[in-house]
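Take a look at the structure set out below.
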Amino acid sequence: MRLELFCRNRVGILQEITAIFVEHNIDLVGIELHQSGHVFINTPNIDFVELQQIMPQLRLIDAVDDVKTIPFMPSEREKNEFETLLKHFPDPFISINAKGQIRMINNLSSTLVGSRENTLVGEQVNTILKGFNFNKWLDHHEVLAQTIRLKLNHEDFVADLMPIHVSEDDNDNVLAGAIIILKSESRLGQQISALKQIDDNNFSGIQATSGAMRKAIREARRMALSDSSILISGETGTGKELLARACHAASERAEHAFMTLSCAALPDDSAETELFGLGLRGEVSSKKGLFELANGGTIFLDEVSEMSPKLQTKLLRVIQDGHFRRVDDEQEINVNVRIIGSTKRDLLQMVDEGLFREDLYYRLNVLGLKIPSLRERRSDIIPLAEYFIAKSGLKIGATNLSMSDDCREFIEYYPWPGNVRQLENVLIRAVSLIEGQVISVEHLELPAYTREHGYLEQDFEGTLDEAVKQYEADLLRKLYPAYPSTRQLAKKLGLSHTAIANKLREYDISKKTIKT
């Protein structure tokens, strides 16, 4: 018989409750106080007549508001919940004490070991898990969660180790043991596949609090349903590839490949081979390019503005009729591929300057999508920062990290020239190096910056004239690859052709030095 008493806190109330059961000569199997105002009593079965006598007596106790029978005690439910979890847990699960001895092991683990659970309890976990010294880990002054690789019955597993701490009265945490969850290579593959499955939330992983970013995602959702080419423009680090992947995942091509090529990272010949493949050369076997590998799917051309004129011409033909030839091959290959391009430069201006094919521009820019910079979506900065901190903290077992008020304000108003990628990298480093729980401005490895004065050079040395020349030289080096003639650069900066030529000569800037 199990009873629940609803009562108000009062000194001595438990003594009066138990006295009634003593009076009726009824043993108490257990008493639980799980929350204020609730007392749970577990007794052997009581016949109906005796129960009718006990219930009114309990209700007459001062501060007892009501009594009712219940089917189970809270501890019984918790015990069965835990046993059910262990029984049906899809991965090997082992609980050890602070000395590395097995306290509990689920059926899957004991099956893999080839022994019964009752024969494994009390054994050292190092006898069944090889490749990691659990006792040495448990003996550390500070035992932290970690992910390792080890072997169970000669099979490789990835193991998540999570220490169990119990708080004492003085708030010091005492190590009580650890939980070990194992994942096999096949199990990890299943989880990754499930993660990549198509659903209605392909864009859910993109932080969009600001109106500008929400607008971009709304447009991207609609574009994903089309089969036309998309041109995504935006500064470096704004997440152009992330949005391209979301568009692919939300399209009818999602079951086919999504292939990427960074047009700025490869020389012209290498990029051509990567895209279109290589024909048979003597003893060298032929090679499929990205277009063949992505047939039926999507190709993402990152920084398409960096394509050479030769590559632009060949790409245009593929977009127009779906045909191309491998390098050093005469055979025509037909593919059905959707192209998503990205650029941080103004392609239309490049068209006006003769640096990019006009016909290719309009073929790529059937659907144009612009991603705002982080400076244009400040309301997204703090949510993004909190997400990156939580994500990075989870990897090292730090789950209660936060930012100081000064840090939050600094992060919100910092200009972030590298956008979301820079924000993530800065916070990953801060989380990795922090010793406490609160991230402050000092933990962010960034140039000093204020809203009033912009960037502050803390270690500045030299004269103002030297600083101006250094800035001028840096600016010219950054702009020269985009405007590779003195006339183009002069027009961009509003100076004469002669003045620009003299400055390039003074700072030793040329096409050769820029390439090296």
Side-chain angles (χ1 to χ4, degrees), residues 192-265 274-275 289-307 315-316 318-320 322 335-348 360-374 376-377 380 383-384 387 419-421 424:
I192 291 171
S193 296
L195 187 65
K196 292 182 177 179
Q197 284 180 357
I198 308 165
D199 56 33
D200 294 330
N201 298 311
N202 298 295
F203 295 87
S204 61
I206 303 175
Q207 179 64 45
T209 302
S210 67
M213 196 60 191
R214 287 203 305 268
K215 178 177 179 292
I217 290 180
R218 283 197 305 270
E219 293 175 352
R221 286 182 185 274
R222 292 194 293 270
M223 293 178 185
L225 302 177
S226 171
D227 209 31
S228 301
S229 299
I230 302 176
L231 181 62
I232 305 175
S233 59
E235 295 180 6
T236 297
T238 48
K240 296 187 286 293
E241 182 175 347
L242 181 65
L243 203 58
R245 288 183 180 276
C247 288
H248 169 74
S251 72
E252 294 182 353
R253 297 177 176 269
E255 294 183 359
H256 298 278
F258 177 90
M259 309 298 292
T260 67
L261 177 72
S262 176
C263 301
E274 284 295 313
L275 273 178
L290 295 183
F291 271 104
E292 285 182 83
L293 296 173
N295 191 22
T298 304
I299 283 185
F300 175 64
L301 301 175
D302 190 25
E303 296 306 330
V304 70
S305 58
E306 305 304 315
M307 274 192 168
L315 176 61
L316 177 64
V318 182
I319 297 175
Q320 286 176 331
V335 291
N336 175 15
V337 173
R338 184 186 195 181
I339 294 178
I340 302 179
S342 78
T343 179
K344 63 184 175 184
R345 297 173 61 179
D346 186 341
L347 277 189
L348 198 54
L360 178 58
Y361 169 76
Y362 288 111
R363 286 284 187 178
L364 289 172
N365 196 35
V366 175
L367 300 172
L369 187 63
K370 179 173 175 55
I371 303 183
S373 67
L374 208 49
E376 299 171 285
R377 44 183 291 214
D380 289 332
L384 276 168
Y387 168 74
N419 292 288
V420 179
R421 186 183 299 129
E424 181 177 15

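Worth knowing before you read on, the calculation uses all heavy atoms, side chains too, and leaves out hydrogens, waters and symmetry mates. Note that this is a predicted model, so its numbers are computed, not measured.
When all heavy atoms of F203 and A220 are compared, the pair lying nearest together is CE2-CB, 3.7 Å. Residues V337 and F291 come closest through the heavy atom pair CG2-O, 3.6 Å. Closest approach of L369 to A216, counting heavy atoms only: CD1-O, 3.5 Å. Nearest heavy atom pair, residue A250 against residue L225, reads O-CD2, 4.1 Å.
Remark: L360 CG to L316 CG distance equals 5.5 Å, nearest 0.5 Å. The structure places CE of M223 at 14.0 Å from OG of S251, a figure rounded to the nearest 0.5 Å. The CD atom of E235 sits 11.5 Å away from the CZ atom of R421 when rounded to the nearest 0.5 Å. Atom CD of E274 is separated from atom OG of S262 by 11.0 Å, given to the nearest 0.5 angstrom. Here the CD1-NZ distance, from I232 to K344, works out to 16.0 Å after rounding to the nearest 0.5 Å. In this structure, CG on N419 lies 12.5 Å from CD on E424, to the nearest 0.5 angstrom.
Residues I299 and R338 are not in side-chain contact: their nearest non-hydrogen atoms beyond the backbone lie 4.5 Å or more apart. R377 places a side-chain heavy atom less than 4.5 Å from the side chain of V420. Two residues are said to be in side-chain contact when any heavy atoms from C-beta on lie closer than 4.5 Å; L261 and F300 fail this criterion. Residues I206 and M213 are in side-chain contact: their nearest non-hydrogen atoms beyond the backbone lie under 4.5 Å apart. Residues I339 and L301 meet the side-chain proximity criterion, which asks for heavy atoms closer than 4.5 Å. At a threshold of 4.5 Å between non-hydrogen side-chain atoms, the residues R245 and T260 count as touching. Between Y362 and L231 the shortest side-chain heavy-atom distance does not fall below 4.5 Å. Looking only at side-chain heavy atoms (C-beta outward), L243 and I340 stay at 4.5 Å or farther from each other.
The existence of a salt bridge linking E303 and R345 is excluded, since no basic side-chain nitrogen approaches an acidic carboxylate oxygen closer than 4.0 Å.
When each of N295, T298, L290 is checked for a side chain to side chain contact (heavy atoms under 4.5 Å, CB included) with M259, only L290 meets the rule. Checked options K215, R214, R221; the residue passing with I217 is R221 (criterion: side chain to side chain contact (heavy atoms under 4.5 Å, CB included)).
For Q320, the CD atom counts as densely surrounded, since its 6.0 Å shell holds more than 12 non-hydrogen atoms of other residues, nucleotides or ligands.
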Inset, instruction - Could you please spell out the steps behind the side-chain contact (heavy atoms from CB on, under 4.5 Å) verdict for M307 and L275? - result: CA-CA 12 Å; M307 274 192 168; L275 273 178; 3.7 Å; yes
Inset, instruction - Could you please spell out the steps behind the side chain to side chain donor-acceptor pair (under 3.5 Å) verdict for S342 and D302? - result: CA-CA 5 Å; S342 78; D302 190 25; 2.6 Å; yes
Inset, instruction - Test L367 against S229 for side-chain contact (heavy atoms from CB on, under 4.5 Å), laying out the working first. - result: CA-CA 6 Å; L367 300 172; S229 299; over 6 Å; no
Inset, instruction - For side-chain contact (heavy atoms from CB on, under 4.5 Å), just list the numbers for L364 and I319, CA-CA rounded to whole Å, side-chain angles, deciding distance to a tenth of an Å, and then say yes or no. - result: CA-CA 8 Å; L364 289 172; I319 297 175; 3.9 Å; yes
Legend entry - Stepwise side chain to side chain donor-acceptor pair (under 3.5 Å) check, R253 with N336: CA-CA 10 Å; R253 297 177 176 269; N336 175 15; 2.7 Å; yes
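The aromatic rings of F258 and H248 sit tilted, their planes meeting at an angle between 30° and 60°.
Applying the side chain to side chain contact (heavy atoms under 4.5 Å, CB included) criterion to E376, with sequence neighbours excluded, gives P372, S373.
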